[in-house]
Amino acid sequence: MNCADVRLRMIEAVYDELPTELQTAFDKHLGGCAECRLAYEQLAETDSLLDAASDESARVDLDRMYRAMAERGTRSAQRWRRLAMAAAALLLVAIGLAVWRGRVQVGPDRLVISWRETAAPAPAQPPSDPGPTLADHARHLATLDDTIAMLVAELDANERQRLETLSRLHNQLQAFELQNNTRINLVQRDIHDLYLASFPSTENESGGQP
Amino acid sequence: MSPSDHDLMLRSSAGDARAFEQLVRRWEGPLARVLARLNTNGSDVEDLCQETFLKVLRAQDRYRPRSNFSTWLFSIGLNVSRDAARRRSREHEHMAAQVQPSPIVEPPEKAARHELAEHVSAALGQLEPQLREVIVLKHFGELTFAQLAELLRLPESTVKSRAQRALEQLRSEFKKRGIDQGELNP
């Protein structure tokens, strides 16, 4: 290994990640090159100084975490429900527009709402384009009906999935609570034993009521 | 023999709350150390840990043991830390002066350990985020360069050169602050 090789692999040496055979060559080079040895020692020293950073600790609150998870699940379900209602409302408007064949006329002193069939005079000749028939409307309605049924089925599936998640979380929360209660009981028993061990005479005098 | 992280994750995703708790207790300390050093803008480390494990819980069904659990956990923690940094910089853009490191002060001969820790934190805060992420995950997360490259989605050579640059810049920062190895073992 020459100086350039050593400089290239120096960071791996600092973190003990050099393969054994390279580490041997690396050490050999440092033994004979004061400049590289100094560079290596400075880098390793800087790394060890990082240990002086304060030792942070954290205690994760699992109970709070499960609650947050359940709340997010509920919020998500509510969002889906609102979306479904909005979609249904839009579909109803679309159906209304498809079926609506009326005409609205706004005059200076009156508002006229009339059906096209009654307002339009009967044509003397058969119309070239008779427009949508009742059968067409029925077909459209059937299609819309199918679409709504599909949407509802999809929403039901989503809702079921969310309920399953919530139920699983609920079970986890219960298990956690049970575990906590067991721990509390153990601690209470320990405190009681400790009290008895510390004040045996009080125990006798008070008839076992600490 | 204690169960592996992978086993605990599998049991947790099957609904075993105790397995998840075991995993949390095993990793909350190392995660806190990494998040505290990544996050130099004052976000609460405990909140960041909480948020990270909440994301782990939500993503546990999608967990695949392609890499170490720690690599996966730290990558989630890194994203949580980056999000928090973005939120805080939006909230406190006009207060930037407050998050600047303290002015250079020569530490007294027998500096208290917490004062030294503050200097180290401030020096880390001086690094560019991309250098800080590498050195913090390497030193405090104890990941290998290969794991770091996978986590950061960078070539291994880039990760190594960033780690070296980070140490060199830290050295110069420590020098400015009058900190040397003697501070650790007075």
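Throughout, protein chains are lettered first and strands after them, A, B, ... in sequence-line order, and every chain is numbered starting at 1. The analysis underlying the following values was restricted to heavy atoms, covering all of them including side chains, and did not include hydrogens, waters or symmetry mates.
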Asks: Rounded to the nearest 0.5 Å, what's the gap from CG on Asp51(A) to NE2 on His139(B)? Could you check?
Replies: 3.5 Å
Asks: Who among Ala166(B), Gly15(B), Pro30(B) has the most heavy-atom pairs with chain A under 4.5 Å?
Replies: Gly15(B)
Asks: First locate atom CZ of Arg177(B), then atom CG of Leu49(A), and finally report the distance between them rounded to the nearest 0.5 Å.
Replies: 12.5 Å
Asks: Would you mind writing out the side-chain donor-acceptor pairs for residues 142-158 of chain B within the sub-3.5 Å range, not counting sequence neighbours?
Replies:
from      : atom 1 : to        : atom 2 : distance (Å)
Thr144(B) : OG1    : Gln147(B) : N      : 3.1
Gln147(B) : OE1    : Thr144(B) : N      : 3.0
Glu150(B) : OE2    : Ser67(B)  : OG     : 3.2

Asks: Are Arg183(A) and Glu21(B) within salt-bridge range, i.e. N to O under 4.0 Å?
Replies: yes
Asks: Are there over 12 heavy-atom neighbours, none belonging to Gln179(A), within less than 6.0 Å of that residue's CD?
Replies: yes
Asks: Carefully, step by step, assess Thr46(A) and Lys175(B) under the rule side chain to side chain contact (heavy atoms under 4.5 Å, CB included).
Replies: CA-CA 10 Å; Thr46(A) 307; Lys175(B) 208 170 170 184; over 6 Å; no
Asks: Considering only heavy atoms from C-beta outward, does the side chain of Arg7(A) approach that of Gln164(B) to under 4.5 Å?
Replies: no
Asks: Where on Glu12(A) is there a heavy atom nearer than 4.5 Å to chain B: the side chain, the backbone, both, or neither?
Replies: both
Asks: How long is the gap from CG on Asp61(A) to CG on Asp47(B), to the nearest 0.5 Å?
Replies: 10.5 Å
Asks: So which part of Gln42(A) gets closer than 4.5 Å to some heavy atom of chain B, the side chain, the backbone, both or neither?
Replies: both
Asks: Could you grab the distance from atom CG of Asp47(A) to atom CG of Leu170(B), nearest 0.5 Å is fine?
Replies: 9.5 Å
Asks: Between Asp16(B), Ile135(B), Val120(B), Leu167(B), which residue shows the highest count of heavy-atom pairs closer than 4.5 Å to chain A?
Replies: Leu167(B)
Asks: Is there a side-chain contact between Leu124(B) and Leu50(A), using heavy atoms and a 4.5 Å cut-off?
Replies: yes
Asks: In Å and rounded to the nearest 0.5 Å, what is the CZ to CG distance from Arg168(A) to Asp61(B)?
Replies: 5.0 Å
Asks: Between side-chain atoms of residues 142-158 of chain A and protein atoms elsewhere (two or more places apart, or another chain), which donor-acceptor pairs fall under 3.5 Å?
Replies:
from      : atom 1 : to        : atom 2 : distance (Å)
Thr143(A) : OG1    : Arg139(A) : O      : 2.9
Thr147(A) : OG1    : Thr143(A) : O      : 2.8

Asks: Looking at Val60(A) and Cys49(B), what are the two nearest heavy atoms and their distance?
Replies: CG2-CB, 4.1 Å
Asks: Let me know if Asn171(A) has heavy atoms under 4.5 Å from chain B in its side chain, its backbone, both or neither.
Replies: neither
Asks: Check this for me, if you would: do Lys160(B) and Glu17(A) make a salt bridge, where the nitrogen-to-carboxylate-oxygen distance has to be below 4.0 angstrom?
Replies: no
Asks: May I ask you to say whether Glu28(B) pairs ionically with Arg59(A), meaning some side-chain N is under 4.0 Å from a carboxylate O?
Replies: yes
Asks: Tell me which of these, Gln50(B), Arg58(B), Lys138(B), Glu51(B), has more heavy-atom pairs under 4.5 Å with chain A than the rest.
Replies: Gln50(B)
Asks: Please verify the inter-ring angle class for Tyr66(A) with Phe20(B); under 30° counts as parallel, over 60° as perpendicular, anything in between as tilted.
Replies: tilted
Asks: Can a donor-acceptor pair be found, under 3.5 Å and without considering hydrogens, that links the side chain of Arg18(B) to the backbone of Phe176(A)?
Replies: no
Asks: How about Glu35(A): does its CD atom have over 12 heavy atoms from other parts shown lying under 6.0 Å from it?
Replies: no
